[in-house]
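Here is the structure we will look at.
Nothing here was measured: the structure is a model prediction, and the numbers come from that model. Count residues from 1 along the sequence.
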Amino acid sequence: MNAEGLVEVVLPGKVEPEGLEIRHGAVPAAGPGQVLIRMEATGVSFAEQQMRRGRYYDQPAFPFVPGYDLVGTVLTTGEGVEPALAGTRVAALVKVGGWASHVLVDAADVVPVPDGIGPAEAETVVVNGITAWQMLHRKARVRAGQTILVHGANGGVGSVLVQLAQAADVKVIGTASARHHDALRERGVIPVDYRSEDVAARVRELAPAGVDAVFDHVGGRSAVDSWHLLAPGGTLVSYGSASTRDDEGSKQWPVLKLLGRVWLWNALPNRRRAYFFNVWAGRALAKNRFRAQLRADLTQVFGALQRGDVTAQIAAQLPLTRVADALRLAESGTVAGKVVLNP
């Protein structure tokens, strides 16, 4: 069907970025209910940084093809799929498998990308956008006039979260290292330097009654501090344990410890809520509902991108074959926005 062959990146085991392997093969055929997507953009997310260390909560057995999400054009459709999907640009959240020139995805899992949004732009808001939208609107249920604290306000999820919050007329306090403060101020965020300032003390100064929501990707001690900064009726949304990325030992333990804390906090009679956000939650139990929410929410995010409420932050674009450089760059902490891979 396709003159070009399949190119994919394989993670063979716990390796340095240079240990990733480029594999060539035949382009797969779409089975029943599937579409074959020619990848136009995929990205490096925090998940792959954990996966190459063997530290992602439920990663598959090595070897496998990483790649959390992708944007591309449907080449062919399998049996039972609307043939008109062929030729359309779509986005998909896949968890693994995105770092390939051609990817098979269930047709029910693809979300159309509106006209006028380029593949790299769209890619910057797939996993980051869906995470930010669902945490803000489905978990914290923020309302106009509220104040929130966003840790890592310049990060992949953080930067989208900040912009979506401001589009909803929410006041944002954001932690980041000093070099990102000017950019945050331009966005209307009140920046706090987590390296040189006492974050909790500074936030209490800015919001004496507490904040209405905190979004915390750091985990550990930070999640505890975050909980104590909440106003009555406030919500803590924890969505990771970045502080344990380089730890040895159990990859489940930091998450389980956090889940235990969340359970305990929610059991206390203090009107505050804590959530551990996982974008995949609910998929196993209610696949159709999960897909409907994902489609609705990602469509909202793409709408925000079209309106200019959210700006796509592309840190760099590199070809798939330079994935080691892309991963090194993403892990360096020196770039703002998403490192995007193109075929």
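Summarising the geometry, atom OG1 belonging to T73 is positioned 9.0 Å from atom CD1 belonging to I37; distances are rounded to the nearest 0.5 Å. A distance of 9.5 Å separates CG in D69 from OG1 in T124, rounded to the nearest 0.5 Å. To the nearest 0.5 Å, the span separating CE on M51 from NZ on K14 amounts to 14.5 Å. I130 CD1 to Q293 CD: the interatomic distance, rounded to the nearest 0.5 Å, is 9.0 Å. How far CD of E18 is from CG of L327: 8.5 Å, rounded to the nearest 0.5 Å. The line from CG of L36 to CG of L104 is 5.5 Å long, rounded to the nearest 0.5 Å.
Side-chain atoms of F215 and L149, non-hydrogen and from C-beta on, never get closer than 4.5 Å to each other. Here the side chains of V10 and F64 are not in contact, with every heavy-atom distance at 4.5 Å or above. Looking only at side-chain heavy atoms (C-beta outward), N342 and L318 stay at 4.5 Å or farther from each other. Looking at L236 and Y275, their side chains never come closer than 4.5 Å, going by heavy atoms from C-beta outward. Proximity of W265 to W227: side-chain heavy atoms (C-beta onward) are separated by under 4.5 Å at one or more points. Residues V9 and E21 fail the side-chain proximity criterion, which asks for heavy atoms closer than 4.5 Å. Residues V65 and R23 form a side-chain contact, since some pair of their non-hydrogen atoms from C-beta on lies under 4.5 Å apart. Contact check for T175 versus V150: no side-chain heavy atoms found under the 4.5 Å cut-off.
Under the 4.5 Å side-chain contact rule for hydrophobic residues, F302 and V110 share a cluster. Side-chain heavy atoms closer than 4.5 Å link hydrophobic residues (I, L, V, M, F, W, Y) into clusters, and following such links, possibly through other members, connects I22 to V103. Taking hydrophobic clusters as Ile, Leu, Val, Met, Phe, Trp and Tyr residues chained together by side-chain heavy-atom distances below 4.5 Å, V340 does not share a cluster with V310. Linking Ile, Leu, Val, Met, Phe, Trp and Tyr residues whenever their side-chain heavy atoms come within less than 4.5 Å leaves I314 and V157 in two separate clusters.
S159 places a side-chain N or O within donor-acceptor distance of the main-chain N or O of G155, the cut-off being under 3.5 Å. Although no hydrogens or angles enter the test, the distance criterion places a donor-acceptor pair under 3.5 Å between the side chain of E121 and the main chain of G118. For R272 (side chain) and L230 (main-chain N/O), a donor-acceptor pair under 3.5 Å exists by modelled atom type. Between the R52 side chain and the V15 main chain, a donor and an acceptor come within less than 3.5 Å of each other. At least one donor-acceptor pair under 3.5 Å links the side chain of Q146 to the backbone N or O of R143. Within the 3.5 Å criterion, the main-chain N or O of V7 finds a donor-acceptor partner in the side chain of S101.
Across every non-hydrogen atom of E48 and P66, the tightest pair is CG-CB, 3.9 Å. Closest non-hydrogen pair, G129 versus V301, comes out as O-CG2, 3.5 Å. Residues A29 and Q34 approach most closely at O-OE1, 4.2 Å, considering heavy atoms. Closest of all the heavy-atom pairs between G67 and T42 is CA-OG1, 4.4 Å. What you find for A140 and A213 is that their closest heavy atoms are CB-CB, 4.0 Å. When all heavy atoms of P319 and L341 are compared, the closest pair comes out as O-CD2, 3.8 Å.
For E79, the CD atom sits in a loose shell: 12 or fewer heavy atoms of surrounding residues, nucleotides or ligands are nearer than 6.0 Å. Residue W280 places its CH2 atom among more than 12 non-hydrogen atoms of other residues, nucleotides or ligands, all under 6.0 Å distant.
Counting only residues at least two apart or in different chains, salt bridge (charged side-chain N to carboxylate O under 4.0 Å, His left out) contacts with residues 274-299 comprise D106-R291, D109-R283, D109-R291, R138-D297. For residues 123-157, the pairs satisfying ring-ring contact (aromatic ring centres under 6.0 Å, His included) are W133-H137, with sequence neighbours left out. Applying the salt bridge (charged side-chain N to carboxylate O under 4.0 Å, His left out) rule to pairs touching residues 186-200 yields E197-R202, sequence neighbours excluded. Each ring-ring contact (aromatic ring centres under 6.0 Å, His included) pair with one or both residues in residues 170-205, not counting sequence neighbours, would appear here, but there are none. Residue pairs meeting the salt bridge (charged side-chain N to carboxylate O under 4.0 Å, His left out) criterion with at least one member in residues 149-172, sequence neighbours excluded, do not occur.
Residues T311 and Q163 bring a donor and an acceptor atom of their side chains to less than 3.5 Å of each other. Looking only at atom types and distance, the side chain of S226 has a donor-acceptor partner in the side chain of D216 under 3.5 Å away.
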Stepwise side-chain contact (heavy atoms from CB on, under 4.5 Å) check, V96 with Q59: CA-CA 8 Å; V96 292; Q59 68 191 68; over 6 Å; no
From CA spacing to verdict: side-chain contact (heavy atoms from CB on, under 4.5 Å), H102, E4: CA-CA 10 Å; H102 299 78; E4 74 244 63; 3.5 Å; yes
Working for salt bridge (Lys or Arg N to Asp or Glu O under 4.0 Å), residues D325 and R328: CA-CA 5 Å; D325 295 334; R328 283 247 175 257; over 6 Å; no
K95 and Y56: CA distance, side-chain angles, deciding distance, side-chain contact (heavy atoms from CB on, under 4.5 Å) verdict: CA-CA 11 Å; K95 195 186 285 190; Y56 189 75; 4.3 Å; yes
Full working for side-chain contact (heavy atoms from CB on, under 4.5 Å) between D225 and V199: CA-CA 9 Å; D225 291 342; V199 173; over 6 Å; no
Please set out all donor-acceptor pairs under 3.5 angstrom arising from side-chain atoms of residues 85-93, sequence neighbours excluded.
{"unit_1": "T88", "atom_1": "OG1", "unit_2": "L85", "atom_2": "O", "d": "2.5"}
{"unit_1": "R89", "atom_1": "NE", "unit_2": "E40", "atom_2": "OE1", "d": "3.1"}
{"unit_1": "R89", "atom_1": "NH1", "unit_2": "I117", "atom_2": "O", "d": "3.4"}
{"unit_1": "R89", "atom_1": "NH2", "unit_2": "E40", "atom_2": "OE2", "d": "2.9"}

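Salt bridge R53/E331: present, at least one basic N to carboxylate O contact under 4.0 Å.
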